[in-house]
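Here is the structure we will look at.
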Amino acid sequence: MTPLEQSSQQLNRLSATAAKAMRHSWSKISETDILDSWNDAVAAYMQVYARMQSRAATVALDAQGSLLASAGDYIMPDVFINPTAFTGRAASGATLREYLSGPVYDALTLIGKGMRARQALDYVESRAETLAALGIADIARQAAGADTATRPGVGYIRVCAPGACSRCMILAGRFYRWNQGFLRHPHCYCRHFPCTQKIGEQWMTDPMEAFDNLSHEEQDRRFGKYSAQAIRDGADISQIVNARSGVQAIGSKGRAGRTVPDFTTYGNANRRGFNKSFYNEYHGTGPRLTPEGCYRLAAGDREKALELLDDNGYIVDQSWRDWRETMQPNAGRMGRGGRAKSHAEAYRQAMRTGIRNPDELGTMTSAERRLYEARLRYIRALSGSDMNEMAAAERNFRHQLANNGEIHVR
């Protein structure tokens with residue numbers, strides 16, 4: 001199984017689980033007290049959903065290095081994206097409660113128009129499940145896009161999900177720069193495939209080739225009977241299909257005329273996620289940009305984009321940038337006469353003085369040692385030639401960074 005197939009399968013399972021959990025929560029809504037019963041149900045669901053968001057971001061980030069390696073084009077990231085930064089909000093920046101509660105208010109609107117409560121709830125239940133599933137796909141795309149921005153010279157091509165619509169088929173296979181938003185429509189499950197432009201040009205596909213590979217019945221279903229016939233008769237497929245009709249990037253709509261159309265106030269209480277310039281400008285509580293907002297504000301400057309991603313809490317640890325160029329592990333401090341101090345000596349000295357060096361292997365905690373060894377493994381992998389090993393070591397290092405080397409995390 002290829003890395004793309006494996007990660008797609010994992011994300012599909014997560015989306016299905018999110019929809020199933022939503023169905024369970026929806027069943028708890030009382031016909032006689034819809035809002036209060038929903039508020040109780042969604043409070044528990046949001047905690048579960050946030051964990052699924054983190055998992056979806058992790059799956060997408062893990063796939064990035066493997067996908068590059070599978071194309072023979074692995075490029076290490078300048079910084080590491082934090083999967084937990086994508087939890088607690090919808091990809092658009094809306095609160096999870098706002099995002100997930102839309103169908104409930106749709107049901108109340110239908111009841112107000114005379115529909116019975118049970119009938120209204122049943123009518124919009126499928127929309128609630130779809131919102132939950134698509135929210136997982138959006139988070140995965142957002143994490144993948146942020147990771148793409150961290151790798152010099154890397155963009156992406158669009159890979160269609162099975163059963164993709166005509167609009168997605170037209171857009172598939174094109175190369176996009178790191179800061180070009182991923183266009184998607186409702187029910188879209190298409191993915192990023194990270195690559196350099198040189199590799200991307202080799203992967204570009206002809207929409208007509210994809211069209212010709214479909215049966216006549218499938219052509220009619222995806223493109224419409226008359227449009228499909230026009231294409232078969234020689235019409236330009238791109239002219240027949242308006243690929244941008246009904247598709248947009250996350251957060252592409254402006255809000256109140258602001259220059260940056262998408263931001264969230266989630267995660268801005270402490271150091272990471274607090275954007276001082278936006279706080280001063282809007283006199284709010286320190287709005288936190290979504291990744292797409294960071295790209296737009298950076299206006300094509302990748303270094304500025306990375307700075308904004310860091311300011312808004314999407315990067316795990318900037319210190320990787322400081323020492324990645326040397327590609328040398330910490331050799332430890334030297335004792336008298338140039339003799340390297342042993343780990344045992346360093347430990348005994350720390351016990352005597354009560355002061356330890358956190359960079360010394362002999363005085364590290366178990367968590368610090370796991371993080372150190374993950375970093376060392378990645379450095380060693382980068383000095384070799386096996387790109388799959390580089391991708392695997394990167395995955396392990398990112399996980400250790402995100403958890404600070406801890407095994408049991410909540």
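- The ring pair (Phe, Tyr, Trp, His ring centres under 6.0 Å) test applied to Y99 returns no partner, not counting sequence neighbours.
- In summary, the side chains of R89 and T290 do not present any donor paired with an acceptor at a separation below 3.5 Å, with no hydrogens or angles considered.
- The closest side-chain heavy-atom distance from L121 to R118 is below 4.5 Å.
- The only option from R369, R375, R377 that meets the side chain to side chain donor-acceptor pair (under 3.5 Å) definition with E373 turns out to be R369.
- By the 4.5 Å heavy-atom criterion applied to side chains, V104 and W26 are counted as neighbours.
- Side-chain contact between Y74 and L382: present, with at least one pair of heavy atoms (C-beta onward) separated by less than 4.5 Å.
- To the nearest 0.5 Å, atom CD of residue Q64 and atom CD1 of residue I81 are 10.0 Å apart.
- Counting only distance, with no hydrogens or angles, the side chain of R370 and the backbone of G405 share a donor-acceptor pair below 3.5 Å.
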- Query: Would D138 and R184 count as a salt bridge (charged side-chain N to carboxylate O under 4.0 Å, His left out) if you check the C-alpha gap in whole Å, the side-chain angles of each, and the deciding distance to 0.1 Å?
  - Reply: CA-CA 9 Å; D138 277 341; R184 88 273 194 264; 3.1 Å; yes

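- Looking at heavy atoms from C-beta onward, Q197 lies out of side-chain contact with R177 at the 4.5 angstrom threshold.
- Residues W178 and R151 fail the side-chain proximity criterion, which asks for heavy atoms closer than 4.5 Å.
- The closest side-chain donor-acceptor pair between Q9 and R13 falls under 3.5 angstrom.
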- Let me see the working for L4 and R191 under side-chain contact (heavy atoms from CB on, under 4.5 Å), right down to the final yes or no. CA-CA 9 Å; L4 184 65; R191 296 276 309 278; 4.0 Å; yes

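- Side-chain N or O atoms of S70 include one that pairs as donor or acceptor with a backbone N or O of L67 at under 3.5 Å.
- You'll find the side chain of R158 reaches within 4.5 Å of the side chain of L183, heavy atoms only.
- Annotation: ring-ring contact (aromatic ring centres under 6.0 Å, His included) contacts involving residues 146-165, sequence neighbours excluded, comprise Y156-Y176, Y156-F182, Y156-H192.
- Here the side chains of L35 and Y105 are in contact, with some heavy-atom distance below 4.5 Å.
- Side-chain N/O atoms of R97 and N39 include a donor and acceptor closer than 3.5 Å.
- F223 contributes atom CZ, which lies 13.5 Å from atom CD of Q229 (distance to the nearest 0.5 angstrom).
- Distance alone, capped at 3.5 Å, places no donor-acceptor pair between the E406 side chain and the A367 backbone.
- Looking only at side-chain heavy atoms (C-beta outward), R398 and D147 come within less than 4.5 Å of each other.
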